[in-house]
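Scope of the values below: all heavy atoms of this structure, side chains included, with no hydrogens, waters or symmetry mates. Numbering of ligands and ligand atoms starts at 1, following listing order. Because the structure is predicted, anything quoted here is derived from the model rather than measured.
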Amino acid sequence: MTALKVALLGCGNVGSEVYRLLGEQAGDLEARIGAPVEVAGVAVRRPGRTRGVAVPAGLLTTDAVGLVSRPDIDIVAEVIGGIEPARSLLLTALKAGKSVVTANKALLAEDGPVLHDAARAGGADLYYEASVAGAIPLLRPLRESLAGDAVRQVLGIVNGTTNYILDQMDTSGAGFADALEEAQALGYAEPDPTADVEGFDAAAKAAILAGLAFHTRVAAADVHREGITGVTQADIASARQLGHVVKLLAICERSDKGVSVRVHPAMIPRTHPLAGVREAYNAVFVEAESAGRLMFYGAGAGGVPTASAVLGDVVAVARNRLAGTRGPDATTYADLPALPMGQALTRYHVALDVADKPGVLARIA
Ligand SMILES: NC(=O)c1ccc[n+]([C@@H]2O[C@H](COP(=O)([O-])OP(=O)(O)OC[C@H]3O[C@@H](n4cnc5c(N)ncnc54)[C@H](OP(=O)(O)O)[C@@H]3O)[C@@H](O)[C@H]2O)c1
């Protein structure tokens, strides 16, 4: 049987594991798909760089455009990240009818509609399970398993770095700066942690989750975003006194008026299932009308766990290709407006540091 040819774009943390697993599991993958899958080329920026995996020199190329344009390529797996050149490469692939698998949350949140339109026009698949919560199967359950239900709320810890920092602040009493330094030393946080600690990464994931959950187009710009840099040890202690824990939550809610999508630090009761999500783990809590409450938990990042999600998508799109079909689209028929933060119904905890004098509380009241 003719092999399905994969162009792998990027061979870093995730890409090198995708390459390794595609080789190591070739026999099983062939049996599951019904045809062999073969890596036909690997696009990188610095071909001479030492990688976690030995890629034959003949497969490595810096010409990603040339690779995705090759007529023999069936599937493009993109793990470069960022907006460009990923966007142009994926549009080229989709327009040419090649199936795309990507882990790129930033691109999906910024330009998802354009990519989806290109996939539809090209009759190709666009799968992106790895873009939200790494290894955790979440997007397919929302897109397929819950397609017969009405999702009301999605509540998630979708950024492992900030969860690690807040968990350290809660358990060891560390301040934000010390906890961030420790996360960086352990490799949980990037040298420039802005995307994580300011909530940009979680906001991109919230946009993707809300779009799928509520069948509507949600862009990163529709998401109210507040990071964790303002969370102090006093906030953590005050939450603890009330039996709560502080988590950076991605909150997606649907009401009669529209969808509210936001990312901000929130106090949640220690009895809530998300309160027990420790260290760099991710978890997403979904509430649907008929299914009730569901919880998805696991490794939200890391080369190997993320590669698992990429490979799952490669198998899915390969099966579709062999069957001469494409998978279910993300539907946007509901077309709900994104509500501003001012219309979100929520509660605030206000802590005041005051002089212990008669009359102070009366004045504040
Ligand atoms: N790491 C995770 O835990 C994780 C989890 C979930 C999702 N993701 C997503 O997965 C994607 C990849 O992440 P990563 O951590 O694997 O990134 P990474 O380690 O920085 O790897 C990026 C790869 O892309 C290559 N590259 C960069 N610019 C390129 C260009 N212009 N043309 C061709 N290749 C280029 C790099 O080549 P060189 O090797 O030659 O520099 C490198 O191999 C991102 O979208 C990220 O958001 C990552």
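In this structure, Tyr281 and Tyr297 have parallel ring planes: the angle between them is below the 30° cut-off, well short of the 60° mark.
Here Phe200 is tied to no hydrophobic group at all, with no ILVMFWY side chain closer than 4.5 Å. With side-chain heavy atoms closer than 4.5 Å counting as contact, directly or through intermediates, Leu345 stands alone and belongs to no larger hydrophobic cluster.
Judged by distance alone, the side chain of Asn159 and the main-chain N or O of Ala202 form no donor-acceptor pair under 3.5 Å. Looking at Lys105, its side chain never comes within 3.5 Å of a backbone N or O of Ile208 through a donor-acceptor pair.
Ligand 1 lies under 4.0 Å from heavy atoms of Gly10, Cys11, Gly12, Asn13, Val14, Ala43, Val44, Arg45, Arg46, Arg49, Arg51, Val79, Ile80, Gly81, Pro85, Ala103, Asn104, Lys105, Ala130, Ala301, Gly302, Thr306.
Under the side chain to side chain donor-acceptor pair (under 3.5 Å) criterion, Glu253 pairs with Gln153, Arg262, sequence neighbours left out.
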